[in-house]
Amino acid sequence: MKAHIEQIYASRQTSFVCRQFNEERFDHPFHYHPEIEVTFITQSAGTRVIGDHLGGFEPGDLCLIGENLPHIYRNTRRTPRGAQSEVLHFSRDCANGFLDIAPEFAEFSQLLDAAKSGLHFDPQTANQAHALLVKIREAKSVRRWTAFLELVELLLSAPKPQTLASAGYSKTVGPHPSDRMRGICQYIIEHFDEELSHQQLAKQAHMSPAYFSRLFKKTTRKSYIEFLTEVRLGHACHLLIETELPIVEIAFHSGFRNLSNFNRRFLAVYDRSPRAYRQQHAAY
């Protein structure tokens, strides 16, 4: 299931596009676009695929999807009222423009960085966002901006959203590490297919091996081995979805030197074998 780029039309008369989709069922292909997307599901249920994340959606589902992150919503059953959603698209340039005049928007920029992995919000935030998305869609002129800023404030003040795609798929460290540890996480993302020993990473961080392990665990809430495995598996998912490479080659290109170890770790994380994962994605 190779992802296709989608063109989002935004004229010079508008900074963002907010639309309501009202269809018999969602039928968009697995796609991505340079615009950031906010999607609220008003009606229908099914499966959403965001990066290498595969999960269910139902009415009241709200996601913030970063630029160029492949995604798809697919219905698992028909409903009498059809499939309906409110979808907002806006460019990163639009958000960065705020930073040029107001440093208070740095938090918004950080949220959009986190959205490169896809974010899922709690039901209360989702319901409030629904009303604001309708307001943005129906408003005219400056009032659209007022509603947009209300939505930004709501998302920033919401309880911590769930991160969907893995670091290995999105190549994004995430919002939690310190600046010092962020560099190490980024190093792992860039060198995941190499032999990365405990001692090598500690040396890269200019720390003793023992201190490195404690700090990594404290900062990221996972061991460096767990993070490295997550990155490798995320890359494997990308290859399973986007290519027709044999699974043994995917394992090797993802940093695994043993096929049975790759299969075992993949099953533990995704609750399905690499072959089953590929087949399930191909069905969408």
Side-chain angles (χ1 to χ4, degrees), residues 6-22 28 31-43 48 50-51 57-71 73 84-165 170 172-176 179 182:
E6 180 179 277
Q7 300 296 326
I8 305 296
Y9 174 75
S11 71
R12 293 182 179 180
Q13 285 73 45
T14 181
S15 301
F16 39 81
V17 176
C18 194
R19 293 174 288 184
Q20 181 187 76
F21 291 91
N22 196 347
H28 297 283
H31 68 283
Y32 63 95
H33 38 71
E35 292 81 10
I36 296 157
E37 176 176 315
V38 181
T39 293
F40 177 85
I41 303 299
T42 312
Q43 183 61 37
R48 54 170 153 74
I50 298 179
F57 73 86
E58 58 186 18
D61 189 86
L62 177 70
C63 287
L64 177 62
I65 303 171
E67 59 265 43
N68 297 317
L69 178 61
H71 55 283
Y73 287 77
Q84 187 179 99
S85 62
E86 297 283 346
V87 181
L88 170 70
H89 291 110
F90 61 94
S91 71
R92 186 62 182 256
D93 289 342
C94 171
N96 288 341
F98 287 119
L99 290 175
D100 293 337
I101 58 174
E104 290 82 1
F105 278 92
E107 282 186 271
F108 185 39
S109 181
Q110 293 168 6
L111 179 69
L112 298 184
D113 286 341
K116 291 178 181 178
S117 297
L119 299 175
H120 179 253
F121 290 85
D122 64 284
Q124 183 175 354
T125 300
N127 288 333
Q128 295 177 60
H130 180 209
L132 289 173
L133 288 169
V134 173
K135 188 175 180 181
I136 293 170
R137 176 167 54 82
E138 296 179 346
K140 304 295 182 183
S141 188
V142 178
R143 288 187 294 276
R144 299 180 76 240
W145 270 107
T146 303
F148 179 81
L149 292 177
E150 287 184 63
L151 178 64
V152 170
E153 182 181 14
L154 172 67
L155 297 181
L156 288 175
S157 61
K160 185 178 179 180
Q162 175 193 3
T163 300
L164 300 178
S170 62
T172 301
V173 175
H176 50 275
D179 290 340
R182 182 181 296 275

Taking every non-hydrogen atom, the tightest pair across C63 and I50: SG-CD1, 4.1 Å
Tightest non-hydrogen contact, residues E107 and L156, listed as O-CD2, 3.6 Å
A quick test of your reading: do over 12 heavy atoms of other residues, nucleotides or ligands sit less than 6.0 Å from CD of Q162? yes
Min side-chain heavy-atom separation H89-R19 under 4.5 Å: yes
Counting only heavy atoms not in E153 (residues, nucleotides, ligands), do more than 12 fall under 6.0 Å from its CD? no
Grab the two heavy atoms, one from L69 and one from K116, that are nearest each other, plus how far apart they are. CD2-O, 3.5 Å
E138 vs V134 side-chain heavy atoms within contact, under 4.5 Å: yes
Taking the side chain as C-beta and beyond, is there a heavy-atom pair between F90 and L112 under 4.5 Å? yes
Any heavy-atom pair between the side chains of H71 and T39 that's under 4.5 Å? no
Looking only at heavy atoms, the pair that brings A114 and L119 closest together is O-CD2, 3.9 Å
Show the nearest heavy-atom pair for residues I136 and L151, with the distance to one decimal. CD1-CD2, 4.1 Å
Can you confirm whether F108 sits close enough to L155 that some side-chain heavy atom of one is under 4.5 Å from a side-chain heavy atom of the other? no
For F40 and H130, the nearest pair of non-hydrogen atoms, with its separation, is CE2-CG, 3.3 Å
Short question: side chain of R92, backbone of S109 - any donor-acceptor pair under 3.5 Å? yes
Do P59 and T42 touch side chain to side chain, with heavy atoms closer than 4.5 Å? no
